[in-house]
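Everything below concerns the one structure shown next.
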2 protein chains.
Amino acid sequence: MPGTTERPLRRDAQANRERLVAAALDAFAEGGVDVPMDEVARRAGVGVGTIYRNFPAKDDLVDAVLEDAIDRLVAILERALALDDAWEGFRLYLEHALDLHARNRGLKELFAARGTGRARKRMGPLAVRLISRAQEQGALRPDFKAEDLRLVFRSAGAVIEYDPSSRRRFVALLLDGLKAGR
Amino acid sequence: MPGTTERPLRRDAQANRERLVAAALDAFAEGGVDVPMDEVARRAGVGVGTIYRNFPAKDDLVDAVLEDAIDRLVAILERALALDDAWEGFRLYLEHALDLHARNRGLKELFAARGTGRARKRMGPLAVRLISRAQEQGALRPDFKAEDLRLVFRSAGAVIEYDPSSRRRFVALLLDGLKAGR
DNA sequence: AGATAAGCGGAACGATAGTTCCGCTTATGG
DNA sequence: CCATAAGCGGAACTATCGTTCCGCTTATCT
């Protein structure tokens, strides 16, 4: 069991796999996760068959791309936690994470449909810390739950999809309503 | 031109048409506008051909159902405008309209994708009145625009779709942020 | 009741997806 | 440089839709 012998990929195969994930990231960002596999293959300069040798099904490719997005979100979370002012950290996280969503149409769908498993595991603890810290400092409403973060992203994501230019205004509105003490 | 002779429908055809719209309303409410035509036909107890004799394309059926939904929303708007307290009217409209959305999955998609033409024409003026009235009474933020109503519905719709039980809480949050004077 | 045309059901069609398969290409190790 | 197997491309298969078509049914009128 500890030695699942994993022969290394041929050099060209390795390169293809990388170009594939990059192409999928771009394609999903532009057109959402519903872009056809043929389109992803075309962008990567490979045939569809190559996709399926690396990823058994489309969902697996989507997962791989999601994993990449999670990396970036975790980085933002860590940056937010490094700030002394917890409210400022909370605000910074929302602002930057939603900026990512605004630039990546697929990301919203990814987190809306999936995003429960891997994402929660890696981001959940950090987010909980961000929230409770802001509440301890008396800046964030005490009745705000960690799960509510998903509602915030859902609602903001929908707004962004409809009219990206109103993102800042909407986020400001939400934050205003989330501040502690009326 | 003024006399486009319109022979009346055969009695059974008339009944079928009505059952069809009702079935479509149900089907869209449950499964969204993406339910197959076969499913709508099955629910109505007719063949797909019958749908296409009444509605040239699926979009036309969707429009017919949307028209019905608009009727209800207009009724709610009128009820809201009848109240003396403009803020209370605004609140009542949001509450009831979103309750409709919560019960009808298709409605959200309908308004998200379409809803621009017919809906705006019939509901727009009433909504504008509702808003400016609330602003004149000093209850609603002066910078709230009529178009922002769409953002409110978008965001709340997304929340409802994810977790219907958090609707009231989210609407309260939004309303809190929309109240005039901090 | 019988003639007639409006109306009907549902098989079949065309488009678009995701996925599979197999003959050819090419990186790799000796 | 050759043998070999890993890897590749993309045609073809399957499933799901919206939509069309046509032979049969039935409401309507005399």
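Here the structure is a predicted model, which means the values were calculated and not measured. These values consider heavy atoms only, across backbone and side chains, with no hydrogens, waters or symmetry-generated copies. Chain identifiers are assigned alphabetically (A, B, ...) following the order of the sequence lines, protein sequences preceding nucleic acid strands; residue numbering begins at 1 within each chain.
With rounding to whole Å, A:L61 atom CG is found 15 Å from C:dA17 atom C1'. Atom CG of B:N54 and atom P of C:dA6 are 15 Å apart (whole Å). Rounded to a whole Å, the CE atom of B:M37 is 20 Å from the P atom of C:dA12. Protein atom CG of A:D38 is 13 Å distant from nucleotide atom P of D:dG9, rounded to whole Å. Regarding A:K58, its NZ atom lies at a distance of 4 Å from the P atom of C:dG18, rounded to whole Å. To the nearest angstrom, C1' of C:dT28 lies 10 Å from CG of A:D12. A:L9 has its CG atom 11 Å from the P atom of C:dT28, to the nearest Å. Atom C1' of nucleotide D:dG18 and atom CG of B:D60 are separated by 13 Å, given to the nearest angstrom.
Side-chain nitrogen and oxygen atoms of A:Y52 include at least one within less than 4.0 Å of the OP1 or OP2 phosphate oxygen of C:dT19. Within the 4.0 Å cut-off from OP1 or OP2 of C:dG7, not a single side-chain nitrogen or oxygen of B:N16 is found.
The only member of A:L25, A:V65, A:V46 that meets side chain to side chain contact (heavy atoms under 4.5 Å, CB included) when paired with A:L20 is A:V46.
Using the six-membered ring where Trp is involved, A:F111 and A:H101 have ring planes that are tilted, between 30° and 60° apart.
The pair A:R42-A:D38 does not meet the salt-bridge criterion, since no charged nitrogen lies less than 4.0 angstrom from a carboxylate oxygen. Taking a cutoff of 4.0 Å between a charged side-chain nitrogen and a carboxylate oxygen, A:E147 and A:R150 do not qualify as a salt bridge. Look at A:D163 and B:R154 and you find no salt bridge, because none of the NZ, NE, NH1 or NH2 atoms lies under 4.0 Å from a carboxylate O.
Set against C:dG18, C:dG7, D:dG7, the side chain of B:R53 has C:dG7 as its closest nucleotide. You'll find that the side chain of B:A57 is closest to D:dT19, out of D:dT19, D:dC8, D:dA27. Considering only the side chain of B:R10, C:dG7 comes nearest among C:dG7, D:dC8, D:dT19.
Within 4.0 Å (heavy atoms only), A:D34 reaches no atom of the nucleic acid at all.
Remark: A:G45, A:V46, A:G47, A:V48, A:G49 in residues 39-49 of chain A come within less than 4.0 Å of DNA chain D through at least one heavy atom.
Side-chain N/O atoms of B:R11 and base N/O atoms of D:dA27 include no donor-acceptor pair closer than 3.5 Å.
Side chain of B:D60 to main chain of B:A57: a donor-acceptor pair is present (N/O by atom type, distance under 3.5 Å, no hydrogens or angles).
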**Request:** In sequence, state the C-alpha distance, the side-chain angles, and the governing distance for A:Q137 and A:W87, and then conclude on side chain to side chain contact (heavy atoms under 4.5 Å, CB included).
**Result:** CA-CA 8 Å; A:Q137 291 189 12; A:W87 175 257; 5.9 Å; no
